[in-house]
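Just the heavy atoms: all of them, side chains too, but no hydrogens, waters or symmetry mates, feed the values below.
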Amino acid sequence: EPLIDGPFGTLIERIIEWMDEYYSIRLSGEVFRGMTEKAMRGGYQARPPLGYRIDRKGEPPVIVPEEAEAIKLIFDKYVNEHMGIFEIARHLNSLGIRTSHGKSFERRSVEYILQNPTYCGMIRWNRTTNETNEIKDRSEWILADGHHEPIISRELFDAAQQRFQSEYRPRGARPVSTYK
């Protein structure tokens, strides 16, 4: 819509821009709220990870048997055989197994799988900040039972988390002293 020239036209243009901004912020809040509710009900709303695929829109992911075997192998090697993450990646690559993006496995792709509760039948949502991909505080995450079939047991997943937490040290972090 054409605006008149001069200070009044500039004022009207700024008001319209502010209204558009306000609408965008409100819409963003509504979308976030809807996605949060869906996640809390166990609804899946992202691209499924290795081991799963979406057959029909709006329905839970289904297991891809060949890929599920790779997931079981990763958890078994990590928990039961105490193999290291980098060693698991090398083993998968030697078998010719690829990630869901068709690439070779790296340490971070194995770590992601080991930390992903989707594999034991859960939904994890709101873990990272979209703009920076930084991991948020755990208190902001949504974890719920999903409607999809698990590939591994909850016990195996929990054992992997326990091992990972006992061995993981963020970059630059010093070992924690047990002395006071």
Problem - Side-chain touch Leu92/Thr99, heavy atoms, less than 4.5 angstrom - result: no
Practice task
List the steps, then state whether salt bridge (charged side-chain N to carboxylate O under 4.0 Å, His left out) holds for Arg90 with Glu87.
Solution key: CA-CA 5 Å; Arg90 276 198 321 238; Glu87 197 177 0; 5.2 Å; no
Exercise for the section: Consider only side-chain heavy atoms of I, L, V, M, F, W and Y, link residues closer than 4.5 Å, and tell whether Ile4 and Ile12 are in one cluster. Expected result: yes
Exercise for the section: Mark yes or no for whether Ser94, through its side chain, and His91, through its backbone, hold a donor-acceptor pair below 3.5 Å. Expected result: yes
Handout entry: Any donor-acceptor pair under 3.5 Å from Gln161 side chain to Leu114 backbone
Key = yes
Exercise for the section: Linking directly or through intermediates, with side-chain heavy atoms under 4.5 Å: list the remaining ILVMFWY members grouped with Leu143, chain and number order. Expected result: Met122
Handout entry: Audit row: Arg47, Ser100, side-chain contact (heavy atoms from CB on, under 4.5 Å) steps and yes/no
Key = CA-CA 10 Å; Arg47 179 180 179 272; Ser100 60; 3.3 Å; yes
Problem - Note: Arg26-Glu30 ion pair, threshold 4.0 Å (strictly below) - result: no
Practice task
Would you give the length of the straight line joining atom CD of Glu21 to atom CD1 of Ile16, rounded to the nearest 0.5 angstrom?
Solution key: 14.5 Å
Problem - Over 12 foreign heavy atoms within 6.0 Å of CD, Gln162 - result: no
Practice task
Answer yes or no: is there a side-chain heavy-atom contact under 4.5 Å between Phe164 and Ile85?
Solution key: yes
Problem - Test item: Arg163 side-chain N/O and Tyr78 main-chain N/O as donor-acceptor pair under 3.5 Å - result: yes
Exercise for the section: Mark yes or no: Arg98 above the aromatic ring of Phe105, with NZ or CZ under 6.0 Å from the six-membered ring centre and no more than 45 degrees from the axis. Expected result: no
Exercise for the section: Could you tell me whether the side chain of Phe75 reaches within less than 4.5 Å of the side chain of Ile113, counting heavy atoms only? Expected result: yes
Exercise for the section: Considering non-hydrogen atoms only, spot the tightest contact between Ile97 and Ala70 and give its length. Expected result: CG2-CB, 3.9 Å
Exercise for the section: Begin from the C-alpha positions of Glu149 and Val62 and carry the test side-chain contact (heavy atoms from CB on, under 4.5 Å) through to its verdict. Expected result: CA-CA 7 Å; Glu149 185 181 345; Val62 296; over 6 Å; no
Handout entry: Nearest heavy-atom neighbours spanning Ile54 and Pro48
Key = CG1-CG, 3.7 Å
Problem - Ion pair Asp145/Arg154, N-O distance below 4.0 Å - result: yes
Exercise for the section: Please report the shortest heavy-atom distance between Pro150 and Cys120, naming the atom on each side. Expected result: CB-C, 3.5 Å
Exercise for the section: Measure the spacing between NE2 of His147 and CD1 of Ile123 and express it to the nearest 0.5 Å. Expected result: 7.5 Å
Exercise for the section: Give, for atom CD of Glu106 and atom OH of Tyr112, the distance between the pair rounded to the nearest 0.5 Å. Expected result: 15.0 Å
Completion exercise
To the nearest 0.5 Å, atom CH2 of Trp18 lies from atom CD1 of Ile15 at 7.0 Å
Exercise for the section: Look up atom OG in Ser153 and atom NZ in Lys72, then write down how far apart they are to the nearest 0.5 Å. Expected result: 11.0 Å
Practice task
List for me each residue that meets ring-ring contact (aromatic ring centres under 6.0 Å, His included) alongside Tyr119, sequence neighbours excluded, and say none if there are none.
Solution key: none
Practice task
Examine the side chains of Thr118 and Arg124 and answer whether a donor and an acceptor come within less than 3.5 Å of each other.
Solution key: no
Practice task
Could you tell me whether Asp5 atom CG has more than 12 heavy atoms of other residues or ligands within 6.0 Å of it?
Solution key: no
Exercise for the section: State plainly whether one hydrophobic cluster holds both Ile74 and Val64, where clusters connect Ile, Leu, Val, Met, Phe, Trp and Tyr through side-chain heavy atoms under 4.5 angstrom apart. Expected result: no
Handout entry: Asn93 side-chain N/O to Ala89 backbone N/O, donor-acceptor pair under 3.5 Å
Key = yes
Handout entry: Hydrophobic cluster identity match, Met19 and Leu27, side-chain contacts under 4.5 Å
Key = no
Exercise for the section: State whether Arg14 and Glu17 are salt-bridged, where the test is any N-O pair (Lys NZ or Arg NE/NH1/NH2 against Asp/Glu carboxylate O) under 4.0 Å. Expected result: no
Practice task
With Val79 as reference, evaluate Leu156, Ile152, Asp158 under the side-chain contact (heavy atoms from CB on, under 4.5 Å) test and give the passing residue.
Solution key: Leu156
Exercise for the section: Determine the minimum heavy-atom distance between Ala68 and Ile63, stating which atoms define it. Expected result: CB-CG2, 3.5 Å
Exercise for the section: Drop me the distance from Glu69's CD to Leu95's CG, to the nearest 0.5 angstrom. Expected result: 12.5 Å
Handout entry: Thr10 side-chain N/O to Gly6 backbone N/O, donor-acceptor pair under 3.5 Å
Key = yes
Exercise for the section: Work out which heavy atom in Tyr52 is nearest to a heavy atom in His148; give both atom names and the distance. Expected result: OH-CD2, 3.5 Å
